[in-house]
Amino acid sequence: MRLKIATGQAASMHGSETSTPNQDWAELLKRVAVRDDRAAFRELYNHFAPRIKAYAINQRFGQQAEVLVQEVMTSVWKNADKYNEGIANVSTWIFTIARNQRIDILRRMNRTNVEVVIETEELWQIPTEDTTVHSIQQISTESFVKKSIDTLPEEQMIALRKVYYEGKTHEEVAEELNIPLGTVKGRIRLSLQKLRMIFEAKDL
Amino acid sequence: MSHYHPDELMLMNYAAGNLPTAEALIISVHLASCHQCQTYVRQTNLLGGVLFEKITPATDDKLDDVDAFIAALPDRKNNLNGKNSSTPSGYRNPLGQYLPDDLRTLAWKKQTNTISKFDLNGLVGEKGANVTLQKISAGARVPKHTHKGTEYTLILSGGFSDELGVYHKGDFISRDASHKHSPTALQNEDCICLTVLDAPIRFTGWMRILNPFLS
């Protein structure tokens, strides 16, 4: 098991079709799950924490970005055994955890009552088992999807990034780019259509 | 088996984590019974994961703290006792644990002779949320109405029809201010729906209100 990925070079390493880095990440998670392997966790941390932090900063967490990083990485540590390679690759799994922790922090700040409310993990569920027939090919598809995303027009990428990284509504994206709302929706729909074609071709 | 689904943009906003809680609730209830949308959410999650992987990483200037942080994580084995076996695995109905199996036994509040409602705002616990269960007696008609924002409806049992179609259990319908409609419950059984009126405030807006120094 060898994994020396300086965070800055990760993208280029992951670009090749032959390497399946997800298996490496998955292997590290397994070591965490099976024997509390802190060295393995450190490698995961080195790669993912700077991404979670960038995500938090983009989502305007400011000084609290570190809080999100620690909450997400703690959750990764605690739930390592729940990761299922058949459902999601590791970066998708960690993205969904980061998304949920972000929402949870915001919900705690905005709570109107202290009574029992429905949990964030119930509203944004991260299944641990597959209930549909797809997904075995999920892993091999990752690098393919990455490449396909690179072929999307820049204007579509900008819209996707604003929605996913910055948590912007379509209205806010339209205002920021100073273009009509319909244009924003059109761009996002086009990118989704293209992705759907990719997924269908891969039978995902 | 649903025939009407949330719009793909709404599902994507869900996957990106940008929906208000009330809208996330109605989406997640729909997901519990809709494989098609489960697959779509899986795909848009994958998109999120790929974008996440491509994000420009932030520099970590607190490397010493990391060692301390990792060393301080509790042993996992001690945490796990008996916990995992009970964890549900697939998508489940998030309202399941809060509502009786037979929704007819709820403490419904009568609005008219044929329409009752049950308030779920407390469960969402968020300002501006407008989430209710509605029960329309078999065959009854809801007076013509329109909404300020968008109204999302998910049929939990029975069905109804309006000027635009006929809907059954599991169907997800959205109607904006341009629709004036008067749904009529199907003849054979009472229709129970989960209804959400979209909140005027959104996450990002709240962040700004609460953290004027952030943006």
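Quick note on labels: first sequence line is chain A, next is B, and so on, each numbered from 1.
Contact annotation for B:Tyr14: both backbone and side-chain heavy atoms come within less than 4.5 Å of a heavy atom of chain A. At a 4.5 Å heavy-atom cutoff, the contact between A:Gln70 and chain B is made by backbone and side-chain atoms alike. For chain B, the nearby part of A:Ile149 is the side chain; its heavy atoms alone come within less than 4.5 Å. With a threshold of 4.5 angstrom between heavy atoms, A:Ala80 approaches chain B through its backbone and through its side chain. Only the backbone of B:Ala71 comes within contact range of chain A, judged by heavy atoms closer than 4.5 Å. If you measure heavy-atom distances from A:Asn58 to chain B, the contacts under 4.5 Å come from the side chain alone. For chain B, the nearby part of A:Val34 is the backbone; its heavy atoms alone come within less than 4.5 Å.
Ranked by heavy-atom pairs under 4.5 Å with chain A, the list B:Leu31, B:Leu51, B:Val29 is led by B:Leu51. The greatest number of non-hydrogen atom pairs below 4.5 Å with chain A, out of B:Val124, B:Leu25, B:Leu95, B:Leu47, is found for B:Leu47. Your options are A:Leu192, A:Thr96, A:Leu160, A:Ile188, and the one with the most heavy-atom pairs under 4.5 Å with chain B is A:Leu192. Highest contact tally toward chain A, considering only B:Thr44, B:Leu120, B:Leu9, B:Val41, is held by B:Leu9 [criterion: heavy-atom pairs under 4.5 Å]. When each of A:Met73, A:His170, A:Arg161, A:Lys185 is checked for heavy-atom pairs under 4.5 Å with chain B, A:His170 comes out on top. In terms of heavy-atom pairs under 4.5 angstrom with chain B, the leader among A:Met157, A:Glu119, A:Arg99 is A:Arg99.
Residues that satisfy the salt bridge (Lys or Arg N to Asp or Glu O under 4.0 Å) test with B:Asp101, not counting sequence neighbours, are absent from this structure. A:Arg35 meets the side chain to side chain donor-acceptor pair (under 3.5 Å) test with no other residue; sequence neighbours excluded.
Using a 4.0 Å cut-off between charged nitrogen and carboxylate oxygen, A:Arg108 and A:Glu71 count as a salt-bridge pair. A salt bridge is defined here as a Lys NZ or Arg NE, NH1 or NH2 lying under 4.0 Å from an Asp or Glu carboxylate O, and B:Asp162 with B:Arg175 meets this definition.
Remark: the backbone N or O of A:Glu66 is not paired with any side-chain donor or acceptor of A:Lys53 at under 3.5 angstrom. Side-chain N or O atoms of B:Arg76 include one that pairs as donor or acceptor with a backbone N or O of A:Ala33 at under 3.5 Å.
Aromatic ring orientation, A:Phe41 versus B:Phe69: tilted (interplanar angle from 30° to 60°). The aromatic rings of B:Phe52 and A:Tyr55 stand perpendicular to each other, their planes meeting at an angle above 60°, with 30° marking the opposite boundary.
Taking the centre of each ring, B:Tyr167 and B:Phe160 come in below the 6.0 Å mark.
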